[in-house]
Amino acid sequence: MQIPTSPPQPPTHRNQITVLSVDGGGIRGIIPGTILAFLESELQKLDGAEARLADYFDVISGTSTGGLVTAMLPAPNERNRPLFAAKDINNFYLENCPKIFPQDGSPFASAANLVKTLTGPKYDGKFLHSIVKEKLGDTRLRQTLTNIVIPNFDIKRLQPTIFSNYQVKNNPSTDALLSDICIGTSSAPTYLPAHYFESKDPSGKVREFNLIDGGVGANNPLVAISEVSKAINRESPDSFRMNPMEYGRFLVLSLGTGTAKSEEKYDADEAAKWGIFGWRTSDHSSPLVDVFTQASGDMVDFHISTVFQALNSEENYLRIQDDTLTGTLSSVDVATKENLENLVKVGEKLLEKPVSRVNLATGVFEPINKMTNEEALTTLAKLLSREKQLREVRSSFFGKASASKL
């Protein structure tokens with residue numbers, strides 16, 4: 001089957017609305033990268049080797065490292081096709097993370113890290129800036145091959161700034177370079193410096209942005225669902241507008257980047273002794289960053305799964321997450337060759353695990369059925385392929401019908 005070079009047909013009142021969401025987590029972006037490579041390979045079995053994830057999802061959303069993945073998948077090449085295949089994501093991480101997060105192997109590394117913690121972010125971000133700008137070039141938000149939603153947080157305005165194709169239509173000043181958006185959402189506090197840049201609207205008016213990690217204020221699937229819902233209601237006739245009972249139309253894949261095993265997480269006795277430095281860094285992680293990203297992700301998961309259950313559409317929401325990481329695997333920045341390769345293995349093993357959901361009473365992911373994540377993704381690929389084919393048939397039919405009236 002030949003894959004068209006045009007972006008996905010927009011959803012109408014007849015279509016399902018397909019959403020892909022990727023959490024933040026630094027080098028742990030390798031885990032969802034592995035999952036996405038498998039999903040894309042399943043789509044290629046159905047629709048041909050040129051199939052790409054951007055051909056199937058109405059909106060792709062992500063924060064922090066998930067924002068980088070979000071930008072990579074629909075960024076166009078010179079043929080107006082996706083610049084990256086899903087299988088390229090892990091290659092990008094394996095090759096570049098050691099330079100983004102250079103490791104200090106000296107005996108005095110702990111002391112050096114403490115000094116860095118006292119004086120500024122742990123890494124200067126220079127290589128991250130250069131490689132993202134090199135890969136994404138001059139591509140702007142409006143040029144992506146499908147809609148994207150990347151939350152950032154503007155520390156000067158003290159409010160989230162949502163970069164999305166839907167926002168650009170009403171607020172042209174947000175049509176920034178993809179590279180700047182990615183650098184901004186990747187600027188995790190204590191790890192990488194905040195990012196400043198400017199953008200102009202068509203009249204030449206300048207807007208400045210002062211950005212840090214978007215996960216501080218907003219998380220992925222919920223923001224994406226909100227953005228596409230507002231767009232449909234804004235642009236559709238009254239009879240086609242969505243109401244809350246139609247949320248079952250959404251087909252959502254939400255990917256986590258893994259969390260520490262329960263016994264390796266923090267406890268109150270430990271945290272009670274922390275001052276400002278304890279909250280900023282503890283062994284291989286930053287408790288402050290871990291807390292706001294984990295809490296946000298789990299609450300969004302809980303909210304969305306509850307809504308889908310209430311609408312008897314639970315099968316339309318697939319959350320894939322691993323909560324068994326130990327040692328350096330749970331870090332966001334220990335970018336040694338061994339650790340990065342082990343994260344690939346975590347992603348591969350996660351495919352074999354049963355579909356699970358977080359129990360908010362215990363914080364543990366529990367199996368909800370006997371289906372594995374791999375089997376669930378294979379089923380999802382069939383649903384995505386069928387939805388795409390239905391849209392192409394409808395587009396062809398209505399196109400011919402319009403031509404016959406001329």
Side-chain angles (χ1 to χ4, degrees), residues 1-9 18-22 24 27 29-44 47-97 99-100 127-150 152 163-166 168 174-186 195 197 199 214 220 224 253 255 344 381 384 388:
M1 178 178 179
Q2 182 66 34
I3 300 294
T5 57
S6 59
Q9 295 295 318
T18 53
V19 178
L20 168 62
S21 169
V22 186
I27 62 171
I30 287 175
I31 297 174
T34 304
I35 304 298
L36 292 173
F38 175 80
L39 175 59
E40 191 168 89
S41 70
E42 290 299 297
L43 290 166
Q44 290 169 347
D47 294 336
E50 292 302 309
R52 296 290 184 269
L53 292 174
D55 300 321
Y56 297 86
F57 285 99
D58 293 308
V59 56
I60 304 175
S61 180
T63 52
S64 192
T65 198
L68 179 58
V69 173
T70 293
M72 290 171 70
L73 292 173
N77 63 16
E78 65 280 356
R79 297 183 295 113
N80 206 35
R81 291 292 293 148
L83 182 63
F84 294 91
K87 65 181 181 181
D88 298 328
I89 294 173
N90 278 4
N91 291 335
F92 176 89
Y93 277 84
L94 292 168
E95 180 180 348
N96 296 298
C97 280
K99 302 170 188 174
I100 297 172
F127 185 81
L128 172 66
H129 291 208
S130 65
I131 192 64
V132 169
K133 289 178 180 179
E134 174 190 324
K135 297 295 184 182
L136 296 177
D138 296 327
T139 302
R140 291 191 173 271
L141 178 58
R142 70 175 185 276
Q143 296 172 298
T144 57
L145 299 176
T146 193
N147 299 299
I148 66 171
V149 176
I150 301 180
N152 281 252
F163 290 94
S164 79
N165 302 74
Y166 307 110
V168 165
T174 62
D175 186 29
L177 291 171
L178 274 186
S179 57
D180 280 322
I181 297 171
C182 286
I183 293 168
T185 198
S186 300
H195 185 51
F197 67 92
S199 182
N220 315 332
L253 172 61
L255 302 180
V344 175
L384 291 170
K388 183 174 180 295

Please test Gln44 against Arg52 for side chain to side chain contact (heavy atoms under 4.5 Å, CB included), starting from the C-alpha separation and ending with a verdict. CA-CA 8 Å; Gln44 290 169 347; Arg52 296 290 184 269; 3.1 Å; yes
Tyr93 vs Val344, side chain to side chain contact (heavy atoms under 4.5 Å, CB included): CA-CA, chis, key distance, verdict: CA-CA 10 Å; Tyr93 277 84; Val344 175; over 6 Å; no
Verdict with reasoning, Ser164 to Asn147, per side chain to side chain donor-acceptor pair (under 3.5 Å): CA-CA 7 Å; Ser164 79; Asn147 299 299; over 6 Å; no
Begin from the C-alpha positions of Asp55 and Glu40 and carry the test side chain to side chain contact (heavy atoms under 4.5 Å, CB included) through to its verdict. CA-CA 10 Å; Asp55 300 321; Glu40 191 168 89; over 6 Å; no
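Among all heavy-atom pairs drawn from Met72 and Phe84, the shortest one is O-CD1, 3.4 Å. In terms of heavy-atom proximity, Ser179 sits nearest to Gly137 at OG-O, 4.2 Å. Of all the heavy atoms in Leu43 and Ala381, the pair that sits closest is CD2-O, 3.5 Å. Contact between Val132 and Cys182 at its shortest, heavy atoms only, is CG1-CB, 4.0 Å. Residues Pro76 and Thr139 come closest through the heavy atom pair CD-CG2, 3.7 Å. Of all heavy-atom pairs between Asn90 and Gly29, the closest is OD1-O, 4.5 Å.
When atom types are taken as modelled, the side chain of Thr144 and the backbone of Pro74 share no donor-acceptor pair closer than 3.5 angstrom. Between the side chain of Asn165 and the backbone N or O of Leu141 there is at least one donor-acceptor pair closer than 3.5 Å. Proximity of a side-chain donor or acceptor of Thr185 to a complementary backbone N or O of Asn152 within less than 3.5 Å is not detected.
For the pair Leu20 and Leu255, the minimum side-chain heavy-atom distance is below 4.5 Å. The shortest distance between side-chain heavy atoms of Ile148 and Ile181 does not fall below 4.5 Å. No side-chain heavy atom of Ser61 sits less than 4.5 Å from a side-chain heavy atom of Val19. No side-chain heavy atom of Ile183 sits under 4.5 Å from any side-chain heavy atom of Phe197. Looking at heavy atoms from C-beta onward, Leu177 lies out of side-chain contact with Leu136 at the 4.5 angstrom threshold.
The CG atom of Leu53 lies 8.5 Å from the CG atom of Leu384; values are rounded to the nearest 0.5 Å. Note: Thr70 OG1 to Phe163 CZ = 14.0 Å, rounded to the nearest 0.5 Å. Here the straight-line distance linking atom CG of Leu128 with atom NZ of Lys133 works out to 10.0 Å at 0.5 Å rounding. Residue Thr146 holds its OG1 atom at 10.5 Å from CG of Leu73, rounded to the nearest 0.5 Å. For the atom pair CD1 of Ile30 and CD1 of Ile35, the computed distance is 12.5 Å after rounding to the nearest 0.5 Å. Atom NZ in Lys135 sits 11.5 Å away from atom CG in Leu68 (nearest 0.5 Å).
Salt-bridge formation is detected for the pair Arg142/Asp175: a Lys NZ or Arg NE/NH1/NH2 atom is positioned less than 4.0 Å from an Asp or Glu carboxylate oxygen.
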